[in-house]
Protein chains: 2
Amino acid sequence: MAASVFKERGFRGTTLNHIADALGTDRATLYYYVGSKEDLFQEIVREAVGVNLATAISIRDGEGTAPEKVRQLIVSVMASYAEFYPVLYVLIQENLDHVAPERDTWAQEMKQVNHDFTDVLIEIIEAGHQDGTLSSAAPAWLQSYGIMGMVGWTNRWFDPNKAPVSAEEIGSTFADMVLGGLLA
Amino acid sequence: MAASVFKERGFRGTTLNHIADALGTDRATLYYYVGSKEDLFQEIVREAVGVNLATAISIRDGEGTAPEKVRQLIVSVMASYAEFYPVLYVLIQENLDHVAPERDTWAQEMKQVNHDFTDVLIEIIEAGHQDGTLSSAAPAWLQSYGIMGMVGWTNRWFDPNKAPVSAEEIGSTFADMVLGGLLA
DNA sequence: GTCAACATCAACGCTGGAGTTGATTTTGGT
DNA sequence: ACCAAAATCAACTCCAGCGTTGATGTTGAC
């Protein structure tokens with residue numbers, strides 16, 4: 001519930017009044033349950049972030065060729081976005097470079113998780129470069145950033161409860177684009 | 001100058017004190033030149049947004065096959081991001097769904113521009129579906145959103161003054177990925 | 001029925017940041 | 001040298017939004 005409000009208005013744009021309203025209660029009542037706006041936000045996000053990284057790692061370390069792993073990763077991330085909607089998007093849409101100084105410790109941790117996640121993708125792609133299953137015409141990090149962009153940008157338009165396509169279809173389409181390309 | 005501050009902190013995270021400091025002056029002096037924080041922001045962004053859309057339209061209406069146009073569009077957008085850096089990113093990184101009510105009129109206009117831009121890309125891709133030069137396995141809008149994501153997400157990591165690769169290289173890599181795919 | 005733990009909320013304090021005002025300094029034209 | 005326009009800045013006002021407190025319900029165990 002509070003997550004939806006954060007998703008719709010962003011952290012800075014959300015006041016505890018907005019959340020209290022959404023919950024049909026009073027702002028002061030909210031403080032009976034949470035220590036601060038920051039606490040509330042972190043509590044919402046905390047669990048989901050780890051899950052995503054763990055999935056990526058298990059794909060990297062699992063069976064399959066590099067291209068298969070890239071596909072699995074894209075599809076499973078999209079599936080997570082839908083499953084935990086809107087929790088993961090709440091985090092992604094926050095530009096962690098823009099957080100206020102007080103929130104810096106937490107922001108650093110989150111950036112680390114993002115960084116680790118991206119690294120997993122880079123490693124998968126680099127393995128593909130090594131064994132020749134993926135084109136090494138460009139550096140693996142740049143290819144990874146492109147993929148992360150495609151996927152991460154869905155926070156701006158994808159709502160699993162309203163979209164005409166499923167998260168899996170989106171993931172599959174993106175994987176098709178990025179692996180096989182759009183050329184007919 | 002002020003644009004850099006907005007880029008680094010986001011609209012909400014930027015105070016006029018931050019900007020005044022960056023300019024080595026006083027906040028009140030700033031108000032001698034601009035009517036409000038909002039005015040300042042719009043003034044910075046106004047010009048650049050139109051340019052980008054115009055470029056897209058001229059590519060759509062120009063010579064070349066659909067795949068060539070997709071490539072041109074991606075590369076030219078990346079080039080614009082670098083040329084006008086950080087102005088276009090300042091706008092992109094603002095999630096226009098999160099703006100405060102007072103800013104709504106302006107936000108609607110900006111959303112319209114974004115929408116028009118995306119539409120141009122969709123039209124290019126649809127033309128490719130028609131003439132068989134691009135795969136129509138997925139809807140054109142979804143393929144477009146993927147491309148917009150790749151490109152738009154660069155606001156999180158690309159700084160033309162620091163990056164080890166040029167905007168054109170990035171654009172070219174993304175075009176390669178999306179058209180030919182990464183499969184070797 | 002009573003009491004303690006649980007929960008709610010009106011009313012407050014406080015701070016950060018937008019925008020204003022008026023007095024003062026700087027600049028440039030004659 | 002003089003004056004008017006341009007520019008600067010100290011010192012305000014105002015308000016939104018975070019967080020607190022204490023008084024007032026509500027509930028469930030015995």
Side-chain angles (χ1 to χ4, degrees), chain A residues 1-46 86-87 89-110, chain B residues 1-46 86-87 89-110:
Chain A
M1 200 77 255
S4 311
V5 182
F6 278 127
K7 171 68 173 60
E8 269 160 39
R9 319 183 84 108
F11 183 81
R12 279 206 155 96
T14 302
T15 75
L16 289 178
N17 252 326
H18 292 144
I19 295 173
D21 283 357
L23 263 49
T25 180
D26 188 86
R27 214 177 77 264
T29 302
L30 227 51
Y31 277 101
Y32 181 75
Y33 296 98
V34 303
S36 68
K37 181 181 173 181
E38 179 67 22
D39 278 0
L40 176 57
F41 188 85
Q42 295 186 18
E43 196 175 301
I44 289 169
V45 167
R46 192 177 305 284
V87 172
Y89 280 150
V90 161
L91 183 65
I92 292 178
Q93 77 184 358
E94 293 300 317
N95 188 329
L96 296 171
D97 290 330
H98 294 172
V99 299
E102 324 84 71
R103 306 179 66 204
D104 195 58
T105 308
W106 170 82
Q108 293 303 327
E109 287 172 32
M110 289 303 103
Chain B
M1 201 78 254
S4 310
V5 181
F6 278 127
K7 171 67 172 62
E8 269 160 38
R9 320 184 83 110
F11 183 81
R12 278 207 154 95
T14 302
T15 74
L16 289 178
N17 250 326
H18 292 144
I19 294 173
D21 283 358
L23 263 48
T25 181
D26 188 86
R27 212 177 78 264
T29 301
L30 228 50
Y31 278 101
Y32 181 74
Y33 296 99
V34 303
S36 68
K37 180 180 175 182
E38 179 68 22
D39 279 358
L40 177 56
F41 188 85
Q42 296 187 16
E43 195 176 301
I44 289 170
V45 167
R46 191 178 304 285
V87 172
Y89 281 150
V90 161
L91 183 65
I92 291 177
Q93 76 184 358
E94 292 300 318
N95 187 328
L96 295 172
D97 291 329
H98 293 172
V99 298
E102 326 84 72
R103 304 179 68 205
D104 195 58
T105 308
W106 171 82
Q108 294 303 327
E109 287 173 33
M110 290 303 103

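In what follows, every chain begins at residue 1, and chains take the letters A, B, ... in the order their sequences are listed.
C:dA5 atom C1' lies 12 Å from atom OH of A:Y33, rounded to whole Å. Between the CG atom of A:L40 and the P atom of D:dG19 there is a distance of 11 Å, rounded to whole Å. Rounded to whole angstrom, the span from the OH atom of B:Y32 across to the C1' atom of D:dT8 amounts to 9 Å. Separating the CG atom of A:D26 from the P atom of D:dG19 is a distance of 15 Å, rounded to the nearest angstrom. Rounded to an integer number of Å, the gap from CG of A:D39 to C1' of D:dC18 is 13 Å.
Between A:E38 and B:A28, the residue anchored closer to the 5' end of DNA chain D is B:A28, taking for each the nucleotide with the nearest heavy atom.
Distance check, rounded to the nearest 0.5 Å: CD of B:Q108 to CZ of B:R103 gives 12.5 Å.
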Stepwise side-chain contact (heavy atoms from CB on, under 4.5 Å) test for B:V90 and B:F41: CA-CA 9 Å; B:V90 161; B:F41 188 85; 3.2 Å; yes
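A donor-acceptor distance shorter than 3.5 angstrom exists from the side chain of B:Q93 to the backbone of B:K7, with no hydrogens or angles considered. With hydrogens and angles disregarded, a donor-acceptor distance shorter than 3.5 Å links the side chain of A:E94 to the backbone of A:F11.
The phosphate of C:dC9 (OP1 or OP2) has a side-chain N or O of A:T29 nearer than 4.0 angstrom.
Ranking C:dC9, D:dT8, C:dG19 by closeness to the B:Y31 side chain, first place goes to C:dG19. Set against C:dT8, D:dC9, C:dA18, the side chain of B:K37 has C:dA18 as its closest nucleotide. Comparing D:dC9, C:dA7, D:dC18 by their closest approach to the side chain of A:R27 singles out D:dC18.
Within residues 3-25 of chain B, the residues that have a heavy atom under 4.0 Å from DNA chain C are, in order of number, B:T14, B:T15, B:L16.
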Counting only pairs under 3.5 Å, give me each side-chain donor-acceptor contact of residues 24-36 of chain A, with atom names and distances, residues two or more places apart or in other chains.
unit_1: A:D26; atom_1: OD2; unit_2: A:A28; atom_2: N; d: 2.7
unit_1: A:S36; atom_1: OG; unit_2: A:E38; atom_2: N; d: 3.4
unit_1: A:S36; atom_1: OG; unit_2: A:D39; atom_2: N; d: 3.1

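Closest of all the heavy-atom pairs between A:H98 and A:R12 is O-NH1, 3.0 Å.
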